[in-house]
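Excluded from the calculations below are hydrogen atoms, water molecules and symmetry mates; all remaining heavy atoms, backbone and side chain alike, are included. So you know, we letter chains A, B, ... as the sequences are listed, proteins then strands, and number each from 1.
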Amino acid sequence: MDLPFHVASHLDSALRAAASQLGWADRGFQPEVRVADPAHGDFQANGALAFAKREKQNPRAVAQQMVDALDASVKDQFDLSLAGPGFINFRLKPAALLGWITRHDSEPHLREAAAGERRGQTWVVDYSSPNTAKQMHVGHLRSAVIGEALCRLLTFNGATVIRDNHLGDWGTQFGKLIYAYKRWVDEAALAADAIEELERLYKLGTAATPDDSPALDEARAELVKLQNGDPENVALWKKFSDVSLAAFQQIYDRLGIRFDHNLGESFYNDKLTRVYAELSDTGIAQESEGALVVFHPEHPRFKTQPFLIRKADGASNYGSTDLATAVYRAEHFKADGIVIVTDFRQADHFEQLFLTVRKWFAAKSYRTPELHHVTFGAVTGEDGKALKTRSGDVIRLKLLLDEAEERAYALVAAKNAERPEPERMSDGECRDIARAVGIGAVQYADLAQNRSSNYVFSWDKMLALDGNTAPYLLYAVARVRSIFRKAGLDPAQPPVAGATAPETPQELALARKLVQFADAVQVATDQLRPHFLCLYLFELAGAYSGFYAADKVIVDDPSVRARRLLLCHRTLVTLETGLHLLGLRTLERM
RNA sequence: GCACCCGUAGCUCAAUUGGAUAGAGUAUUCGGCUACGAACCGAAAGGUUGCAGGUUCGAUUCCUGCCGGGUGCGCCA
């Protein structure tokens, strides 16, 4: 029997079958299979320990019985050993490695193999979500980059993914903006760079309408006109949204992002009365100080900290729209899961929101999707403070990406100049490479770190050519491609017939790493943490570099050459597939 | 005041949610290009996992209490 894509779950099934043969299945035996430290094996099963403890048996003996009861095919594919207090170690035999690597030969085939995990599921991913009439700044980067990677991971695992940009396109700030627009708009500036001008007006409007001022009353009047459908104000508001979206798309294009929907807060305007009615009727919401709020008596904090869903003046807020959004996604998109990617400061809000949604849907017998708030830490400068320009302003995302490309270009051009004349690349090619390396470095730096912690932004670290960085991975890709190019071979049609099983320590280490791709993707997706995939790709690139330094690929012996080309090719496929899952563009040369 | 997140090698970070001797990169020291990209590889050294208890075969991980940093807590989103 061929080794399937998911080796860990294959072992899990085999161990469960053995447990059931021993009569342990209904006593709650859990195999607990995971990727092992290479010193011990490729995979390990730890389940014997917990089981033995519960059953008051000797864990070594339990593990030995498990091994004895395992299907013969497992013993054909793995070397088994017991260690320590009762760990079962599995080491793939070279022939099994060769079989797996031979079968998983392209990005489409990897995709097909992984797609069984979430086939038939629909996931709505809500990320980026900037406010219209304002430029995107560095604070918007993580949501966009992490959200896009999660979309790709979920898609890879077989889900239908709906990318929804939940724009901040409604609220009191638009009264102020219209107020300022009508007084101070500079038409020439608007034509030249619309969003720049809108942002200027936005700041003017905010400054001109302090609390309790007559100007604030006028701004509120503009808002009321907008909400009541005044044609002039609605047209202005529409214009603000259009130019904002066009500006956002320029950023998204550079990051490889394309949304299916831009359903901002305004979209839910006419869907709020239902929210108020159903939450009031079911007794989940209550009046308090004139506002409509939800308390959660079972929660230590939210029993007294209210979830405000309608303000005392009758206006909606983001509690209202987020509730309407949740029911829309559940009903219209038939979502099995909803992922919302925002920074950790909104954790309370979404905890309250999810508690409320669950009670609401249960009371009305609506099907409740899985609800996930994917949080991430702040982006700080190297001083640990929020990232700002020297003058103290927020850093615009556009300028940040420009700088990434410029810095990458300087590195690429310098390296290119050192090359011998015939291998030198054109300036245009250098520019193109710099775009992929610079943007990729920014994306990767954000993804490689566990998203819960704060992230220290450092140009030098993200553009370093060594360490866990995009340039290191892209370099590994370029080196594999270079072998094929120099040998005059087409990487789409690698001549790998007659490849023999891996033999040298570096070949074996690389082959084992390749097989673990399935596990890395699964962990990253299930935990909604792309850094697990980053770590894997870094280790894969490291295994390849070790192999490359130790074992020459283009040798005379045809079987050795074929098996090394096979390893090179599968490394290329896996690295590129992984980097594409993260949203990075890969290169031929760099 | 209440709550959440973070605290791991000099620095930047991992540790697959309770598993084996806590791992990488960087910086430091040493070694390797007449091998297909040295933007690389190999090796050494670097630790009381903030502190103090507790739970158990086993704790960076779970519980309690402190210390330090960040954040949130009714009409912004």
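Nucleotide C33(B) carries a syn base; the chi torsion (O4'-C1'-N9-C4 or O4'-C1'-N1-C2) is within 90° of 0. Base orientation of U17(B): syn (glycosidic angle within 90° of 0).
Base pairing of A44(B): its partner is U28(B), meeting the Watson-Crick or G-U wobble criterion (both donor-acceptor distances under 3.5 Å). Nucleotide G23(B) is matched to C13(B) when pairs are restricted to Watson-Crick or G-U wobble geometry with both distances under 3.5 angstrom. A 3.5 Å limit on both hydrogen-bonding distances identifies G72(B) as the Watson-Crick or G-U partner of C2(B). Pairing partner, A59(B): none, since no Watson-Crick or wobble contact has both distances short of 3.5 Å. Taking a pair to require two hydrogen-bonding distances under 3.5 Å in either a Watson-Crick or a G-U wobble arrangement, U34(B) remains unpaired. Nucleotide U64(B) forms a pair with A52(B), judged by Watson-Crick or G-U wobble geometry with both contacts under 3.5 Å.
Only the P atoms considered, U29(B) is 42 Å distant from C67(B), to the nearest whole Å. Going from the P atom of C62(B) to that of U16(B) covers 11 Å, rounded to whole Å. C13(B) and U8(B) have their C1' atoms separated by 10 Å, with the value rounded to a whole Å. Atom name P, nucleotides A38(B) and G10(B): the rounded distance is 33 Å, in whole Å. Here, U60(B) and C75(B) have their P atoms 44 Å apart, quoted to the whole Å. One P atom belongs to C2(B), the other to U49(B), and the distance between them is 29 Å to the nearest Å. Spacing of P atoms, A27(B) relative to C66(B), comes out at 42 Å, to the nearest Å.
Leu223(A) has its CG atom 12 Å from the P atom of C76(B), to the nearest Å. Atoms CD (Gln352(A)) and C1' (C2(B)) sit 14 Å apart, rounded to a whole Å. In this entry the distance linking NZ of Lys56(A) with C1' of C57(B) reads 12 Å, nearest Å. Rounded to an integer number of Å, the gap from Leu572(A) CG to G37(B) P is 14 Å. Separating the CD atom of Gln449(A) from the C1' atom of C5(B) is a distance of 14 Å, rounded to the nearest angstrom. Protein atom CD of Glu423(A) is 12 Å distant from nucleotide atom P of A39(B), rounded to whole Å. Put simply, CG on Leu474(A) is 13 Å from P on C40(B), counting in whole angstrom units. Here the C1' atom of nucleotide C40(B) and the CZ atom of Arg419(A) are 14 Å apart, to the nearest Å.
Formation of a donor-acceptor pair under 3.5 Å by the Asp169(A) side chain with backbone atoms of Ser266(A) is found in this model.
Applying the ring pair (Phe, Tyr, Trp, His ring centres under 6.0 Å) test to Phe90(A) and every residue at least two apart in sequence or in another chain returns Phe78(A). With sequence neighbours excluded, no residue forms a ring pair (Phe, Tyr, Trp, His ring centres under 6.0 Å) with Phe248(A). Partners of Thr321(A) by side chain to side chain donor-acceptor pair (under 3.5 Å), not counting sequence neighbours: none found. With sequence neighbours excluded, no residue forms a salt bridge (charged side-chain N to carboxylate O under 4.0 Å, His left out) with Lys176(A). Residues satisfying the ring pair (Phe, Tyr, Trp, His ring centres under 6.0 Å) test with Phe43(A), not counting sequence neighbours, are none.
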Expected string for nucleotides 15-27 of chain B under the B/S/- scheme (protein heavy atoms, under 4.0 Å, primed atoms plus P, OP1, OP2 as sugar-phosphate) is SBB-BB---SSS-
Using a 4.0 Å cut-off on protein heavy atoms (strictly under), produce a 5'-to-3' string for nucleotides 67-75 of chain B with B for base contact, S for backbone-only sugar-phosphate contact, and - for none. ----SSSBB
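For residues 48-59 of chain A, the side-chain hydrogen bond (donor to acceptor under 3.5 Å, both in side chains) pairs, not counting sequence neighbours, are Arg27(A)-Glu55(A). Judged as a salt bridge (Lys or Arg N to Asp or Glu O under 4.0 Å), the pairs with a partner in residues 446-459 of chain A (not counting sequence neighbours) are, in order, Arg142(A)-Asp446(A). Residue pairs meeting the salt bridge (Lys or Arg N to Asp or Glu O under 4.0 Å) criterion with at least one member in residues 517-539 of chain A, sequence neighbours excluded, are Arg118(A)-Asp526(A), Lys513(A)-Glu539(A).
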Please assess Glu298(A) against Lys303(A) for the test salt bridge (charged side-chain N to carboxylate O under 4.0 Å, His left out), listing each intermediate value before the final yes or no. CA-CA 7 Å; Glu298(A) 76 286 4; Lys303(A) 63 185 176 193; over 6 Å; no
Indicate every side-chain donor-acceptor pair of residues 284-294 of chain A with a distance under 3.5 Å to a residue at least two apart or in another chain.
unit_1: Glu287(A); atom_1: OE2; unit_2: Arg310(A); atom_2: NH2; d: 3.3

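The residue among Arg589(A) and Ser316(A) whose nearest nucleotide of RNA chain B lies closer to the 5′ end is Arg589(A).
The side chain of Ser453(A) contributes an N or O atom lying less than 4.0 Å from OP1 or OP2 of A14(B).
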I'd like a table of atom pairs between the protein and nucleotides 34-36 of chain B - only N or O on both sides, under 3.5 Å - with the distance next to each one.
unit_1: C36(B); atom_1: O3'; unit_2: Lys486(A); atom_2: NZ; d: 3.4
unit_1: C36(B); atom_1: O2'; unit_2: Tyr548(A); atom_2: OH; d: 3.0
unit_1: C36(B); atom_1: N3; unit_2: Val553(A); atom_2: N; d: 3.0
unit_1: C36(B); atom_1: N4; unit_2: Lys552(A); atom_2: N; d: 3.2
unit_1: C36(B); atom_1: N4; unit_2: Val553(A); atom_2: N; d: 3.3

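Ring planes of Trp237(A) and Phe174(A): perpendicular class, angle over 60° (limits at 30 and 60°).
Between Glu429(A) and Arg424(A) there is no salt bridge, since none of the side-chain N atoms of the basic residue sits less than 4.0 Å from a carboxylate O of the acidic one.
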